[in-house]
There are 2 protein chains.
Amino acid sequence: MTNATEAILVADKTNLGAITADDVARLAGVSRWTVNRAFKKDASISQTSLDKVMAASDQLGYVPDLLAASLATNKSNLVSLLVDDFSNPHKLIMMERLTRILRKNGWDTLLVNTNNEEDASAALLNARQRRVDAAVLIGISFNDHALSAAHSAQRVNKLIVFARTSENPDTISICCDDQIAMTTITNYVIEKGYKRPLFLAGPQTISAHLGRKETFSRLWEAQFNVTPDFISVPIYDPVRAYERTKEYLEDLPIEMRPDVIVCENDALAMGAINAIRYAVGLRVPQDIAVTGFDDIPQASGPEYRLTSYRQPITAMAEALVTILKGDDTGETLDKFVGTLISRESA
Amino acid sequence: MTNATEAILVADKTNLGAITADDVARLAGVSRWTVNRAFKKDASISQTSLDKVMAASDQLGYVPDLLAASLATNKSNLVSLLVDDFSNPHKLIMMERLTRILRKNGWDTLLVNTNNEEDASAALLNARQRRVDAAVLIGISFNDHALSAAHSAQRVNKLIVFARTSENPDTISICCDDQIAMTTITNYVIEKGYKRPLFLAGPQTISAHLGRKETFSRLWEAQFNVTPDFISVPIYDPVRAYERTKEYLEDLPIEMRPDVIVCENDALAMGAINAIRYAVGLRVPQDIAVTGFDDIPQASGPEYRLTSYRQPITAMAEALVTILKGDDTGETLDKFVGTLISRESA
DNA sequence: GCAATTTGTGCACGCGGGTGCAAGAACCAA
DNA sequence: TTGGTTCTTGCACCCGCGTGCACAAATTGC
């Protein structure tokens with residue numbers, strides 16, 4: 001029996017994906033390392049050998065094992081994506097964009113659900129055990145964690161906070177400039193002639209919300225010398241926003257009623273719109289206008305027609321890739337500028 | 001210099017996560033294999049050794065490397081999740097549930113975006129390269145692929161179609177019984193007294209939709225001896241559903257107007273509701289009622305109050321874990337039964 | 001046609017840890 | 001105290017591939 005036939009038999013027998021470079025080498029009549037070279041671009045290999053190896057690989061259905069490669073090179077080409085809020089459709093957009101763009105550049109994405117508080121540090125630990133090249137945080141309650149988890153996070157190659165600012169020095173933040181964004185929104189609201197704004201914010205402990213709410217307050221004060229009112233909800237959830245807005249509006253004398261509700265994101269904005277319409281029986285935007293943030297797909301539907309602010313997710317994802325590649329040009333990554341999408345809600 | 005001090009120095013120097021069992025062993029004064037045992041439950045190790053190892057590990061911040069472990073055991077504890085439609089919020093629910101439950105049972109999830117046609121087979125190939133224990137397909141356009149990709153998929157340990165039936169013998173399907181589900185919905189519609197249903201379906205090439213639409217048609221015919229009308233859209237997108245429903249209703253003489261639209265899922269139902277309200281100017285449910293499928297979070301909001309059908313995702317995810325664990329009790333996995341959620345839309 | 005290059009190829013060793021076995025230590029009853 | 005158990009521990013070898021180097025082959029120049 002020739003080596004080649006033997007290799008085929010072996011391959012057939014171990015159908016469960018146990019075809020190694022050795023098998024291919026045997027079939028192709030070269031050494032294992034030559035097989036290696038055939039799959040590594042920029043490697044020095046003769047056309048003859050390459051052809052032989054490729055033919056053998058096709059025949060056996062060989063593909064290099066990434067696990068072993070990762071172990072050997074200490075580079076996993078893996079990024080773990082920590083998500084702590086699966087109720088916001090915007091997460092879906094970010095996931096879609098990130099997975100697609102990372103994939104295009106050779107990285108796979110490990111999706112980790114950190115809904116439970118303690119999950120975050122466990123996830124970071126896990127990320128380390130899997131040797132991920134970076135951990136990307138898309139979420140809201142990470143800022144506290146990020147700090148406490150930092151010590152374990154030290155061991156994670158790169159800690160990246162995506163679409164949110166982070167004051168933690170151990171992390172890299174890729175996000176929009178909230179100042180610019182809120183300035184755009186505030187100017188829009190002012191230009192539209194609204195006079196009595198209400199700001200609907202998310203959790204109070206988060207820096208990003210502080211950024212948006214406070215920027216808005218500051219700008220408004222600068223213009224009109226009055227501090228706009230605000231309400232907040234403990235989580236970014238339309239139902240909570242609905243209830244809070246309802247509660248707020250119901251108790252309010254008509255003359256004090258806001259003429260626009262500026263929301264920290266679209267999820268809250270939708271809750272607010274629902275409250276205005278179905279709880280208080282008013283019209284949007286005639287009685288109360290509403291603005292959002294994120295421009296999730298639902299925002300464009302006829303039921304909301306929400307004026308919102310779209311972040312350049314694609315560009316941000318590509319910035320992430322740049323970081324992963326290590327082509328760190330030292331550019332600032334927390335000053336992305338998005339676009340205001342003007343619709344009928346305000 | 002003692003071995004212990006040396007180990008510490010080494011650990012300090014190679015701060016980048018290069019602490020191996022050897023380092024710990026040196027510090028603890030035992031062999032590397034004893035360190036191994038300390039981290040493997042059910043391993044035979046003395047309390048003394050365990051304590052020493054744990055103390056040393058804590059000091060050095062050692063955690064076993066999963067990559068190396070996967071390589072050695074040929075078990076990655078990794079599942080790749082192939083998603084081809086990031087526009088449906090229901091995906092978010094499934095992802096949340098799957099990642100959480102898989103994690104709880106020791107598996108990590110690789111999220112793969114297969115929006116592009118060719119991605120599916122590439123993803124399967126990649127899954128194999130990463131030695132995933134299983135590839136889970138959550139999507140709509142996999143049935144054709146699954147077949148063609150089967151040859152490359154053979155090499156993936158397990159191919160699981162989640163929340164959708166699959167006629168491909170190489171795959172395991174974990175899903176609701178569409179017959180039972182549609183029977184429940186149909187009976188509900190009949191009991192409510194609707195007489196002129198319209199079925200709004202998704203892509204025509206997919207078996208699951210055939211299941212739902214055809215079951216509905218069959219049941220309705222059995223009851224009233226007339227074939228209900230139906231329309232369809234090429235993708236599960238509210239905007240498409242809106243347009244198609246609008247187009248359909250606009251051209252229709254009032255006397256032929258349906259009194260209920262039964263939709264293949266909530267995304268389509270929302271589009272239909274929007275069309276009824278904002279394009280045609282009718283009321284839901286007074287003029288036309290609507291039912292959905294999936295019971296996505298948005299369905300319960302005051303703007304839709306959608307009557308829908310909730311799949312037992314948690315139980316289904318747990319069934320997936322059972323399969324992964326290999327405790328295959330041979331139970332049928334494509335006969336899950338969900339719950340009809342009755343709301344005001346129908 | 002021979003030396004000087006320029007490829008091309010094979011190999012030892014390593015990545016970090018798992019497995020099964022065998023030898024040593026500790027324990028028990030007689 | 002001794003023979004036999006049971007519990008611990010160490011070790012050789014393996015998982016599949018990457019790296020750097022040395023040697024062989026092909027190419028070039030004169």
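Below, chains carry the letters A, B, ... as their sequence lines are ordered, and counting in each starts from 1. Small disclaimer: the values here were computed from a predicted structure and weren't measured.
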Using whole Å, what does the distance between atom [atom2] of nucleotide [N] and atom [atom1] of [X] come to?
X: A:Leu71; N: C:dG17; atom1: CG; atom2: P; result: 9 Å
X: A:Leu67; N: C:dG16; atom1: CG; atom2: P; result: 14 Å
X: B:Leu60; N: C:dG16; atom1: CG; atom2: C1'; result: 15 Å
X: A:Gln129; N: C:dG16; atom1: CD; atom2: P; result: 14 Å
X: A:Ile19; N: D:dC15; atom1: CD1; atom2: P; result: 15 Å
X: B:Lys75; N: C:dG17; atom1: NZ; atom2: C1'; result: 16 Å
X: A:Phe39; N: D:dG16; atom1: CZ; atom2: P; result: 15 Å
X: B:Arg130; N: D:dG16; atom1: CZ; atom2: C1'; result: 15 Å

*What distance do B:Ser80 atom OG and A:Leu110 atom CG have between them, rounded to the nearest 0.5 Å?*
11.0 Å

_So, taking the atom named OG1 in B:Thr322 and the one named CG in B:Leu324, what distance separates them when rounded to the nearest 0.5 Å?_
8.5 Å

*State which of D:dC17, D:dC15, C:dG17 makes the closest approach to the side chain of A:Ala69.*
D:dC17

Using only heavy-atom distances, determine whether the side chains of [X] and [Y] contain a donor-acceptor pair under 3.5 Å.
X: A:Asn77; Y: A:Asp108; result: no
X: B:Gln129; Y: A:Asp65; result: no
X: A:Asn74; Y: A:Arg131; result: yes

*asked:* Is the phosphate of C:dT19 approached by B:Lys40 (side-chain N or O, under 4.0 Å from OP1 or OP2)?
replied: yes

*For A:Ser49, check side-chain hydrogen bond (donor to acceptor under 3.5 Å, both in side chains) against everything at least two apart and list the hits.*
A:Ser46

*Check every strand shown and say whether B:Tyr62 touches a base, only sugar-phosphate, or nothing at a heavy-atom separation below 4.0 Å.*
sugar-phosphate

*Contact list for residues 70-79 of chain B, test salt bridge (Lys or Arg N to Asp or Glu O under 4.0 Å), sequence neighbours left out*: B:Lys75-B:Asp133

*What does nucleotides 9-14 of chain C look like as a protein-contact string, B for base, S for sugar-phosphate only, - for none, at under 4.0 angstrom between heavy atoms?*
BBBB-B

